[in-house]
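Have a look at the structure below, then the notes.
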Amino acid sequence: MTGSPRIAVLDYGIGNLRSAEKALQHVGAAARLVSDAASVAAADGVVLPGVGAFGACARALRESGLEPAARAALESGVPFFGVCIGFQLLYERSEESPGEVGLGVFPGTVGPLPPGVKHPQMQWNQLVVPDGSVPAPLRGLGENPWVYFVHSYVPPIGDETVAVCDYGGPVAALVARGNLWGAQFHPEKSGRSGLGLLANFVALAA
Amino acid sequence: MRSIRLIPCLDVTDGRVVKGVRFVDLTDEGDPVELASRYDREGADELTFLDITASSDGRETMVSVVARTAEQVFIPLTVGGGVRVTEDARRLLRAGADKVAVNTAALERPALVRDIADEFGCQCAVVAIDARARIEGAGWEVYTHGGRRPTGIDAVAWATACAANGAGEILLTSMDRDGTKDGFDLELTRAVVDAVGIPVVASGGVGTLQHLVDGALVGGADAVLAASIFHRRQFTLGEAKSYMASHGVTIRPV
């Protein structure tokens with residue numbers, strides 16, 4: 001392949017996508033916001049962002065017409081990265097929005113953060129890799145990197161979870177299964193650590 | 001783990017960073033994009049821009065400052081000042097802000113907080129509260145219009161109402177302390193922290209690094225905000241964070 005990997009950031013009308021686009025460009029990707037299926041199909045990598053509520057994002061993704069393109073990308077095996085609510089949408093449903101369904105790539109229901117801590121978690125926290133190995137997204141980031149979280153709900157910890165953070169107990173923070181990655185935190189807002197992780201994703205798509 | 005955020009604040013007017021004492025006697029402190037980049041390199045956990053211009057020209061300038069900042073700074077950015085309707089919030093968020101802070105307009109129309117939360121998510125609806133201790137009687141009163149106009153409203157009650165109305169964070173400034181370097185109003189901070197379940201950013205009065213520690217450990221704030229001690233290079237962010245960490249505050253190291 002010649003040139004920079006083309007990363008499609010799905011623009012389905014939710015939130016501040018400029019940061020994700022700029023951060024990916026900063027680490028060498030030809031990233032752009034896309035809102036049509038053809039551009040998604042042509043991309044070397046796909047980022048599914050999302051902020052706000054699970055239900056609003058699920059609805060917006062469906063109504064934008066981009067859901068089939070997202071599903072096709074997931075089935076094709078192209079590098080795919082769900083961020084924040086985009087990560088939660090990889091699961092079946094969420095207690096936040098009981099009437100809505102997610103993409104269901106991973107099993108389980110997104111639930112509230114543990115009791116006894118502030119909701120939302122709006123802070124930097126350290127990633128902990130349960131078995132001490134270094135999963136692909138975290139290569140070169142150093143031990144227990146600090147990343148920025150803003151969320152009140154979180155997917156369950158499953159076989160796909162490769163890193164957690166401690167917030168009233170272990171909380172799923174990062175998943176990776178082959179080319180499919182998901183992060184509850186915001187790599188595009190996590191300074192050097194976040195840019196390093198995004199660079200790893202861009203390398204995956206190269 | 002709960003960690004505390006250290007937030008340099010940039011008061012911006014007509015595209016320049018300024019600093020005043022009790023919101024008056026403004027002096028020029030530099031270019032906001034340059035300062036924002038420097039703070040990012042030094043290890044800021046987040047940045048706050050407050051547009052203290054009242055004019056619509058100034059607000060246009062602010063959108064461009066936010067856009068230029070978002071091209072090179074990859075940490076959370078809160079922008080406040082002059083946000084009166086959800087469209088103002090939308091323009092700032094589109095330009096690259098992560099959160100918008102509302103103040104005067106929320107007091108005039110409390111539904112604004114709910115509107116922003118519904119449209120963009122609670123996480124980006126910050127309510128900025130400028131409070132001053134009551135001269136007669138206990139408690140603190142909310143002021144608007146850059147701290148010039150008393151409202152008669154109790155600051156703790158207002159913070160509680162905002163949290164119930166969808167706010168994701170409270171940016172709490174003591175007008176008594178702002179610019180004085182006497183430290184945060186810790187009683188005010190503690191009163192609001194104890195009353196709301198959402199994060200509280202303490203602001204106004206930082207003159208020493210111990211003040212930052214006190215805001216977190218005595219005031220109970222989730223984040224501490226300061227301006228002039230950083231603009232004038234009295235301390236770097238790194239020095240502040242090292243001091244905080246060695247005095248019992250959990251914070252992301254530089």
Side-chain angles (χ1 to χ4, degrees), chain A residues 11 13-27 33 50-54 56-57 84-85 96 116-126 128 142 144-152 165-171 185-198, chain B residues 1-6 39-47 66-79 89-90 92-100 116-126 163 166 168-169 193 196-201 220 222-223 250-254:
Chain A
D11 181 2
I14 289 286
N16 161 22
L17 304 180
R18 190 184 169 90
S19 302
E21 182 192 22
K22 294 294 170 194
L24 285 159
Q25 290 170 353
H26 194 82
V27 297
L33 307 181
V51 294
F54 181 93
C57 286
C84 197
I85 306 294
E96 183 180 21
V117 287
K118 283 201 184 191
H119 294 194
Q121 170 174 219
M122 186 187 280
Q123 64 167 14
W124 293 75
N125 206 336
Q126 270 185 296
V128 178
N144 303 120
W146 288 76
V147 292
Y148 185 74
F149 289 84
V150 183
H151 65 127
S152 295
C165 70
D166 170 25
Y167 195 69
V171 164
F185 53 91
H186 286 271
E188 78 283 11
K189 288 290 160 184
S190 294
R192 278 190 299 274
S193 299
L195 292 173
L197 192 154
L198 290 175
Chain B
M1 173 176 57
R2 174 169 177 260
S3 74
I4 302 299
R5 288 168 281 148
L6 177 60
Y39 291 150
D40 177 28
R41 287 194 301 275
E42 285 185 7
D45 294 315
E46 190 169 325
L47 293 169
V66 170
R68 284 189 292 130
T69 304
E71 306 219 337
Q72 45 185 294
V73 174
F74 299 104
I75 56 175
L77 174 62
T78 300
V79 182
R90 186 193 313 278
L92 290 167
L93 294 168
R94 278 216 182 127
D98 299 287
K99 312 182 220 177
V100 290
I116 291 173
D118 283 349
E119 181 102 21
F120 311 109
C122 292
Q123 81 290 337
C124 60
V126 178
E169 187 168 68
V193 166
V196 300
I198 56 174
V200 175
V201 183
D222 300 278
T250 303
I251 193 160
R252 177 181 71 123
V254 174

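Quick caveat, the model's predicted, so the values are computed rather than measured. Values reported hereafter were calculated over all heavy atoms of this structure, with side chains retained and with hydrogens, waters and symmetry mates removed. Order of the sequence lines sets the chain letters (A, B, ...), proteins ahead of strands, with each chain counted from 1.
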Could you tell me whether the side chain of [Y] reaches within less than 4.5 Å of the side chain of [X], counting heavy atoms only?
X: Leu197(A); Y: Ser190(A); answer: no
X: Gln121(A); Y: Cys165(A); answer: yes
X: Asp40(B); Y: Gln72(B); answer: no

Which one of [options] has the most heavy-atom pairs closer than 4.5 Å to chain B?
options: Val171(A), Asp166(A), Ile85(A); result: Asp166(A)
options: Val150(A), Val117(A), Asn125(A); result: Asn125(A)
options: His26(A), His186(A), His151(A); result: His26(A)
options: Gln123(A), Lys189(A), Lys118(A); result: Lys189(A)

Select one option (side chain, backbone, both, neither) describing which atoms of [X] are under 4.5 Å from chain B's heavy atoms.
X: Glu188(A); result: backbone
X: Ser19(A); result: both
X: His119(A); result: backbone
X: Tyr148(A); result: side chain
X: Ala23(A); result: both
X: Gln126(A); result: both

Could you tell me which portion of [X] (side chain, backbone, both or neither) has an atom closer than 4.5 angstrom to a non-hydrogen atom of chain A?
X: Ala97(B); answer: backbone
X: Asp222(B); answer: side chain
X: Ala117(B); answer: neither
X: Arg2(B); answer: both
X: Leu92(B); answer: neither

Task: Minimum heavy-atom distance between Cys84(A) and Gly50(A), given as atom pair plus value - done: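 What the structure gives for the nearest pair is CB-O, 3.4 Å.
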
Task: Approximate separation, where rounding is to 0.5 Å, of Met122(A) CE and Lys99(B) NZ - done: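 Between Met122(A) CE and Lys99(B) NZ, I get 4.0 Å after rounding to 0.5 Å.
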
TODO: Give, for atom CD1 of Ile75(B) and atom CG of Leu47(B), the distance between the pair rounded to the nearest 0.5 Å.
DONE: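 Nearest 0.5 Å value for the CD1-CG distance: 4.0 Å.
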
Task: Pair Arg18(A)-Glu71(B), side-chain contact (heavy atoms from CB on, under 4.5 Å): steps then yes or no - done: CA-CA 9 Å; Arg18(A) 190 184 169 90; Glu71(B) 306 219 337; 3.0 Å; yes

Open item on the list: Does Arg68(B) have more than 12 heavy atoms from other residues, nucleotides or ligands lying within 6.0 Å of its CZ?
Closed with: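 Counting neighbours around CZ of Arg68(B), more than 12 heavy atoms of other residues, nucleotides or ligands fall under 6.0 Å, so yes.
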
Open item on the list: Is the positively charged end of Arg252(B) above the ring of Trp124(A), judged by distance under 6.0 angstrom from the centroid and angle within 45° of the axis?
Closed with: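 Satisfied, under 6.0 Å and within 45°.
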
